[in-house]
Structures are given as C-alpha cells and as structure tokens.
K.L.:
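This is the structure I have questions about; it appears just below.
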Amino acid sequence: MRLLLRSFCTFRSLFIQRQTTKQPRRGLSGAAMRLVQFCHHGDGGVTRVGVEQGEGLGVVDLKAFDPSMPSTMRGLLELGAAGLECAQRALSSGQCVVARSDIQLLSPITAPEKVIGVGLNYRDHCLEQNAPIPKEPIIFSKFPSSITGPYDDILLPAESQEVDWEVELAFVIGKRGKHIKEEDALSYVAGFTVANDVSARDWQMKRNGKQWLLGKTFDSFCPLGPALVTIDAVTDPHRLAVSCLVNGEVVQSSNTDQMIFKTQALVSWVSKFVTLTPGDVFLTGTPPGVGVFRKPPIFLKRGDVVQCQIEQLGSIINKVI
C-alpha cells in the first residue's frame with residue numbers, strides 16, 4: 001500500500017510539473033498597470049510617460065518621480081524589467097500625480113519601429129464576407145506615421161471616398177526577439193491597447209494592384225489608446241468584448257474569442273521573418289460589421305464620431321474631419 005501511495009504521489013508530481021510547464025509565460029513585469037503617454041497643457045507638446053491610478057483617474061508622472069526615466073513609452077520599454085519596476089514603484093508611491101484635466105493623453109506608443117496588421121483574423125468576420133478561414137496569418141503593415149491619439153481627429157483624405165472603421169485589439173512588444181516559440185511569446189508582450197485600423201477600401205481593394213498598404217496608412221489612420229494595459233492586468237486577452245460605435249450606433253460587436261490566430265501565434269509567426277523590438281505594435285484583426293460589407297456599403301463622412309472599445313482596456317473616441 002505504501003509503495004502504491006508513493007508511486008501515485010510521484011506520478012501526480014510529474015503530472016503537475018508537466019501541466020505547469022505547458023502554461024504560457026506571462027508578461028514582462030508581473031505588475032498590473034495602465035501606462036500612458038501624455039503632455040501637459042501649454043508646455044508645447046513635450047511627451048511624458050505616466051501610470052494611471054485607475055481608468056480615467058490621475059496620472060503619475062514617471063519623469064517627475066525619477067528624472068532618470070525616459071520621456072517616451074518606447075524608451076521605457078527598452079529599459080526592460082527595470083523600467084517597468086520603476087513605474088510600479090511610482091504608482092505605489094502615490095506621488096507626482098497630475099490631474100487628468102491638466103494633461104492631454106497621446107497614443108501610448110509613438111514612433112514604433114513597426115506597425116504590423118493582421119487580416120481576416122476573426123472567424124465571424126470571415127463568415128461576413130464568405131472568405132475561407134486562413135491557414136496562416138495574413139500580415140500587412142501600416143506606417144508608424146499613421147498613429148494618432150485616442151481622442152484625436154481622423155483626417156478624411158481627399159484621395160479616398162471609401163474610408164471605413166475597424167475596431168481591433170492591439171498589443172505592444174516589450175523586448176527584442178527573433179524566432180520566438182509560442183510557449184514563450186507572451187513574455188515578449190508588454191501589454192494591450194485599443195486600435196482603430198482605419199481603412200480606405202477603394203485603395204485597399206480596387207487600386208494600386210490591390211495591395212493593402214496605401215489603403216491602410218494615410219495619416220491618422222491608426223488611433224491607439226487610451227493606455228497600454230500591461231498583460232498582467234488583463235484577465236484573458238482572448239476573451240474580451242469588442243465593439244465599435246459610429247455616431248452612437250453599434251456597428252461592430254464581438255469577442256476576441258473569435259480570433260483565429262491568438263497573440264502567441266502572431267508573435268511567433270512574425271518573428272520568423274523579422275526581429276521584433278520594444279514598441280512594435282500589432283493590430284490583431286477586426287470582427288464583422290465593417291462598412292464595406294454592409295448592404296448598401298456605408299463609409300465614414302466628415303462629422304462622424306467613431307468609438308472603439310474593448311473590455312478591460314477602455315475606449316478611444318475619434319471625430320472624422
């Protein structure tokens with residue numbers, strides 16, 4: 001009997017260890033934070049990095065807390081765990097807090113090396129357009145100059161008559177990597193944010209050889225924000241409600257559980273081709289409800305207000321001008 005019990009305990013220990021090793025590694029810092037970029041009103045738009053005390057609450061100014069800290073989110077991420085640990089100390093201190101009324105929130109990431117988009121990555125979006133489920137991620141890019149803030153205007157270009165909305169879960173790379181294994185991929189992710197992959201459908205689908213780049217990359221075509229929510233502050237990034245409203249009307253409503261290729265798979269796949277660096281932004285695809293597939297199609301016009309929101313992350317609101 002004692003021998004059987006010992007054998008069972010040994011088996012149970014090995015089983016638990018094996019199950020544990022299969023769990024994906026989590027984020028860089030082990031801390032739950034909402035990191036932001038902002039500027040003080042009236043200081044000429046100088047970028048600062050901060051930590052929200054809570055969604056919509058005051059912001060701890062990292063540079064004021066520790067003058068050695070960088071002034072941009074990308075600089076903070078390049079410091080690795082040390083930078084995020086300093087941000088956690090600053091948040092815990094309760095010092096150097098600025099009121100939301102005194103600042104303007106910027107995109108949580110500006111001037112990344114890469115903005116990587118993923119096409120046809122929601123099952124329900126594929127069904128919407130009778131498209132087959134992709135067998136590998138469909139990757140395109142947006143120029144970093146397309147990034148704009150969470151409450152900034154979307155500029156309607158004269159060159160397009162078919163500008164469309166796409167609410168998307170975005171994530172930001174936190175450390176350099178190449179040929180990353182899926183089981184290690186989450187440890188390369190700094191956090192998640194909300195994106196609108198604004199798209200000029202005429203340029204994406206009809207012109208310029210039907211390559212996607214020009215249709216995706218006009219100035220202001222990548223609103224991001226309001227915060228970079230660290231991975232440890234998100235219960236499950238692949239089980240979040242996602243929605244988009246245009247002029248208060250819900251046009252997209254789904255869940256990230258519809259994603260075909262999850263965060264880990266996207267990091268691993270793209271890192272086969274390019275080296276990922278801190279600050280790189282991934283837009284992970286959109287659910288159904290975009291304007292181009294409506295009957296008749298509907299496109300954005302001047303004066304429209306687009307709100308993209310994701311559970312646990314917040315919302316971005318952008319007026320079309």
Side-chain angles (χ1 to χ4, degrees), residues 24 26-27 107-109 112 114-129 131 133-142 144 146-147 150 164-174 177 180 182 185-199 204 212-213 216-217 221-231 233-244 252-274 276 279-290 308-316:
R26 291 290 285 178
S107 167
I109 285 286
K114 296 180 281 294
V115 179
I116 298 162
V118 186
L120 295 174
N121 198 32
Y122 275 65
R123 289 180 179 84
D124 47 8
H125 184 46
C126 291
L127 292 172
E128 168 183 55
Q129 53 190 296
I133 302 295
K135 294 191 172 16
E136 61 189 26
I138 298 172
I139 303 299
F140 63 92
S141 65
K142 295 169 82 83
S146 65
I147 290 176
D164 204 349
W165 58 82
E166 290 191 12
V167 60
E168 306 209 4
L169 172 71
F171 65 84
V172 177
I173 294 298
I180 300 167
E182 277 197 37
L186 287 182
S187 70
Y188 286 79
V189 176
F192 296 89
T193 191
V194 183
N196 185 354
D197 178 20
V198 184
S199 305
Q204 179 189 359
W212 289 11
L213 177 63
K216 294 283 188 176
T217 207
F221 269 29
C222 190
L224 284 178
L228 177 61
V229 182
T230 60
I231 193 168
V234 180
T235 307
D236 181 351
H238 307 117
R239 199 172 293 276
L240 299 174
V242 179
S243 62
C244 176
Q252 290 182 279
S253 181
S254 186
N255 194 287
T256 55
D257 64 7
Q258 289 291 306
M259 285 172 60
I260 299 163
F261 301 102
K262 312 298 188 190
T263 300
Q264 300 95 310
L266 296 175
V267 171
S268 180
W269 174 259
V270 173
S271 74
K272 294 178 182 179
F273 304 93
V274 297
L276 300 179
D280 285 349
V281 178
F282 278 69
L283 277 57
T284 64
T286 198
V290 295
C308 296
Q309 53 193 31
I310 300 180
E311 184 181 4
Q312 299 182 27
L313 303 184
S315 65
I316 58 177

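From a predicted model like this one, the values you see are computed outputs, not experimental measurements.
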K.L.:
Could you walk me through whether V242 and N255 pass the side chain to side chain contact (heavy atoms under 4.5 Å, CB included) check?
P.N.:
CA-CA 5 Å; V242 179; N255 194 287; 5.9 Å; no
K.L.:
Can you tell if the side chain of I133 reaches within under 4.5 Å of the side chain of L120, non-hydrogen atoms only?
P.N.:
no
K.L.:
So L283 and V118, side chain to side chain contact (heavy atoms under 4.5 Å, CB included) or not? Walk me through it.
P.N.:
CA-CA 6 Å; L283 277 57; V118 186; over 6 Å; no
K.L.:
Please give me the minimum heavy-atom distance between P150 and G225, naming the atom from each residue.
P.N.:
CB-CA, 4.0 Å
K.L.:
Treating D197 as the side-chain partner and E166 as the backbone partner, does any N or O pair qualify as donor plus acceptor under 3.5 Å?
P.N.:
no
K.L.:
Going by salt bridge (charged side-chain N to carboxylate O under 4.0 Å, His left out), name the residues that satisfy it together with D280, two or more places apart in sequence or in a different chain.
P.N.:
K114
K.L.:
Is there a side-chain contact between L224 and P108, using heavy atoms and a 4.5 Å cut-off?
P.N.:
yes
K.L.:
Counting distance only, does the side-chain N/O of S107 pair as donor-acceptor with the main-chain N or O of I147 below 3.5 Å?
P.N.:
no
K.L.:
Determine whether a donor-acceptor pair (N or O, by modelled atom type, separation under 3.5 Å) exists between the side chain of Q252 and the backbone of P287.
P.N.:
yes
K.L.:
Quick one: closest heavy-atom pair of V270 and I116, and the distance?
P.N.:
CG1-CD1, 3.8 Å
K.L.:
Please find the pair of heavy atoms, one from P144 and one from P112, that lie closest to each other, and give the distance.
P.N.:
CG-O, 3.3 Å
K.L.:
Donor-acceptor pair, distance only, cut-off 3.5 Å: does the side chain of E311 make one with the backbone of A241?
P.N.:
yes
K.L.:
Would you say the side-chain atoms of D124 and S254 include a donor-acceptor pair closer than 3.5 Å?
P.N.:
yes
K.L.:
Sort and list the pairs that fulfil salt bridge (charged side-chain N to carboxylate O under 4.0 Å, His left out) and have at least one residue in residues 261-270, not counting sequence neighbours.
P.N.:
none
K.L.:
Side chain to side chain donor-acceptor pair (under 3.5 Å) with K216: which of S141, S146, S199?
P.N.:
S199
K.L.:
Less than 4.5 Å apart, side chain to side chain, heavy atoms only: is that true for F192 and I310?
P.N.:
no
K.L.:
Heavy atoms only: give me the nearest Q312-V234 pair and the separation to one decimal.
P.N.:
OE1-CA, 3.4 Å
K.L.:
Checking side chain to side chain contact (heavy atoms under 4.5 Å, CB included) for the pair L169/M259: CA distance, chi angles, key distance, verdict?
P.N.:
CA-CA 10 Å; L169 172 71; M259 285 172 60; 4.2 Å; yes
K.L.:
Give the minimum heavy-atom separation between V167 and S243, together with the two atoms involved.
P.N.:
CG2-O, 3.5 Å
K.L.:
List in chain and number order the residues that pass side chain to side chain contact (heavy atoms under 4.5 Å, CB included) with E128, two or more places apart in sequence or in another chain; answer none if no residue qualifies.
P.N.:
H125, P288, V290, F293
K.L.:
Taking all heavy atoms of V198 and all of K142, pick out the closest pair and write down the distance.
P.N.:
O-NZ, 3.3 Å
K.L.:
Counting C-beta onward and ignoring hydrogens, is there a side-chain heavy-atom pair between I260 and Y122 closer than 4.5 Å?
P.N.:
no
K.L.:
Quick one, F171 with L186, criterion side chain to side chain contact (heavy atoms under 4.5 Å, CB included). Give me CA distance, side-chain angles, the key distance, then yes/no.
P.N.:
CA-CA 10 Å; F171 65 84; L186 287 182; over 6 Å; no
